Protein chains: 2
Amino acid sequence: METQKGLETFRAALCRRHLAVTSQRMKIARAVLEAQDHFTADALLARLKADGARVGRVTVYRTLKVLLEAGLVEERAFDKGRVAYERALGRSHHDHMICVTCRRVIEFESARIEREQRRQAQACGFEVLTHQHTLFGHCRGCRAKRGNGSKA
Amino acid sequence: METQKGLETFRAALCRRHLAVTSQRMKIARAVLEAQDHFTADALLARLKADGARVGRVTVYRTLKVLLEAGLVEERAFDKGRVAYERALGRSHHDHMICVTCRRVIEFESARIEREQRRQAQACGFEVLTHQHTLFGHCRGCRAKRGNGSKA
DNA sequence: AGAATTTATGAAACTAACTTTCAATCATGG
DNA sequence: CCATGATTGAAAGTTAGTTTCATAAATTCT
């Protein structure tokens, strides 16, 4: 499974930063690498606790930072005031559409957009590390339910 | 000036919502419509207070919400945990590159990206209301200063 | 005009999402 | 088995934003 590769990368990241491989850190990393969708730090903590792990909020945040810098998770700003995390390993880069009604998240990918984005950055002498591209609107389902007929 | 047109739109928005045109609301709207760059709600409040206006935080937030729904300002999620606002009137839509070192904000515009984005949304039956496209990285200046030579 | 009713305002209290602090715990080497 | 240093997490602090509610201002009624 991909998780194993991720855990190795995580170990290496800890090593590079002279941090010990502890059971808490490994548990958090494993939970993150196995996550199937977006999650908040607090949701992650809750899940770990529900699974009987003895970890604190602080350690979760600290470990997420390491995972982030190792490129194993990415941060998203879907809702204001809170950060959503998303596993980055084993998934191609993608962007998001958020339904403002039902909060559903639809992923999309466009090589054309990525290419044009790279061109734009290059023109400004800007080196892109990460990016976020999010569309907010109404998903098909919510449009069907109402507000669809007249205004498009 | 564009500000006048914005104030008219704001008045109309207040009217539509059966809200009175008060001096506080007008002062806030004027400050927003005259803002040249991105600002946070608290920074706006501080500026108004510095200018001698007697307004409270609550009224600022409430008024920003009206301005937002009237399309006169847009929200941005540049830094996590805080919302930046940006005047929307009299400016064409644009996206941003944020230098993670110096926090400089560079604006860019790409019809090609907008078009492709619309295509992607359409393919999913998604109706786009707003979007945000932000690149995080190193600006030309910060690249020149260091970390440029070897790694690209 | 003055009373009654409605609406707006903002200080203070609250909340949510983190972050910082620090005493206790744990691991490792000697 | 003790000393040293890293790790942990509870509790306190911080920040951005929201809710509550008493007061103030405006509007309507008579």
Side-chain angles (χ1 to χ4, degrees), chain A residues 10-11 13-32 38-69 73-86 100 103, chain B residues 10-11 13-32 38-70 73-86 103:
Chain A
F10 179 61
R11 264 173 217 278
L14 288 177
C15 185
R16 195 170 336 113
R17 299 162 136 255
H18 308 291
L19 295 173
V21 175
T22 65
S23 74
Q24 283 93 333
R25 284 176 182 156
M26 291 313 280
K27 270 178 200 153
I28 295 166
R30 179 178 297 275
V32 166
H38 313 92
F39 55 91
T40 62
D42 269 7
L44 174 62
L45 174 65
R47 230 193 72 199
L48 283 161
K49 283 199 165 163
D51 289 359
R54 300 247 305 86
V55 292
R57 202 200 346 273
V58 190
T59 306
V60 166
Y61 278 106
R62 277 191 293 234
T63 307
L64 277 171
K65 198 182 281 184
V66 177
L67 288 161
L68 194 65
E69 286 171 20
V73 266
E74 287 181 7
E75 288 183 339
R76 306 287 177 190
F78 293 156
D79 292 300
K80 62 177 164 184
R82 68 161 39 148
V83 176
Y85 294 88
E86 178 175 2
V100 298
R103 284 281 132 193
Chain B
F10 178 60
R11 264 175 217 277
L14 287 177
C15 186
R16 195 168 339 113
R17 299 164 133 256
H18 308 292
L19 295 173
V21 175
T22 65
S23 76
Q24 282 93 334
R25 285 176 180 154
M26 290 315 278
K27 270 179 201 153
I28 295 166
R30 180 177 297 276
V32 166
H38 312 93
F39 55 91
T40 62
D42 269 6
L44 173 62
L45 174 64
R47 231 194 69 200
L48 283 161
K49 282 198 166 162
D51 290 359
R54 300 246 306 88
V55 293
R57 203 202 346 275
V58 189
T59 305
V60 167
Y61 278 107
R62 276 191 293 233
T63 306
L64 277 172
K65 197 181 281 185
V66 176
L67 288 162
L68 195 64
E69 287 171 17
V73 267
E74 287 182 8
E75 288 184 339
R76 306 289 178 189
F78 293 156
D79 292 300
K80 63 178 164 182
R82 67 159 41 147
V83 175
Y85 294 88
E86 177 176 3
R103 285 280 131 193

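Since we're looking at a predicted model, the values are computed, not measured. Here is the naming used below: chain letters follow the sequence lines, and residue numbers restart at 1 for every chain.
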Pull out every protein N or O sitting under 3.5 Å from an N or O of nucleotides 24-28 of chain D, one pair per line with the distance.
none

Could you check whether any side-chain heavy atom of A/M26 comes within less than 4.5 Å of a side-chain heavy atom of A/F10, counting everything from C-beta outward? yes

Are side-chain heavy atoms of A/R25 and A/V66 found at a separation under 4.5 Å? no

Atom CG of B/L19 and atom P of C/dT6 are separated, to the nearest Å, by 17 Å

Measuring to OP1 and OP2 of C/dT7, would you say a side-chain N or O of B/T22 lies under 4.0 angstrom away? no

Can you find a heavy atom in the side chain of A/V83 that is under 4.5 Å from one in the side chain of A/L64? no

Enter the distance from B/L68:CG to B/T63:OG1 here, rounded to the nearest 0.5 Å. 12.0 Å

Here the distance between atom P of C/dA17 and atom CG of A/L44, to the nearest Å, is 14 Å

Report yes if some heavy atom in the side chain of A/D42 is under 4.5 Å from a heavy atom in the side chain of A/Y61; otherwise report no. yes

For nucleotides 25-30 of chain C, give me one character per nucleotide, 5' to 3': B if any protein heavy atom sits under 4.0 Å from the base, S if the only such contacts are to the sugar-phosphate, - if neither. ------

With sequence neighbours excluded, give me every salt bridge (Lys or Arg N to Asp or Glu O under 4.0 Å) pair touching residues 74-85 of chain A. A/E74-A/R76, A/E75-B/K80, A/R76-A/E86, A/D79-A/R103, A/K80-B/E75

Give the rounded distance in Å between these two atoms: CG of B/L14 and P of C/dT7. 15 Å

In whole Å, I'd like the distance from the NZ atom of B/K27 to the P atom of C/dA8. 17 Å

For A/L44 and A/A31, work out which heavy atoms get closest and say how close. CD1-CB, 3.8 Å

CD1 of B/I28 versus C1' of C/dT9: gap in Å, rounded? 10 Å

Applying side-chain contact (heavy atoms from CB on, under 4.5 Å), name anything that partners B/R62, two or more places apart in sequence or on another chain. B/V58, B/T59

When the distance from CG of B/D79 to C1' of D/dG17 is rounded to whole Å, what number comes out? 16 Å

Looking at A/Y61, does any N or O in its side chain come under 4.0 Å of the phosphate oxygens OP1/OP2 on C/dT19? no

Per the salt bridge (Lys or Arg N to Asp or Glu O under 4.0 Å) rule, what does the pair list look like for residues 43-54 of chain B, sequence neighbours excluded? none

Spacing of A/F78 atom CZ relative to C/dA17 atom P, expressed in whole Å: 16 Å

Quick one: B/L45 CG to D/dT18 C1', roughly how many Å, whole number? 15 Å

Write out a two-atom table: protein N or O, nucleotide N or O from nucleotides 10-16 of chain C, distance below 3.5 Å.
from   : atom 1 : to    : atom 2 : distance (Å)
C/dG10 : OP1    : B/Q24 : NE2    : 3.4
C/dG10 : OP1    : B/R54 : O      : 2.4
C/dG10 : OP2    : B/G56 : N      : 3.0
C/dG10 : OP2    : B/T59 : OG1    : 2.9
C/dG10 : N7     : B/R62 : NH2    : 3.1

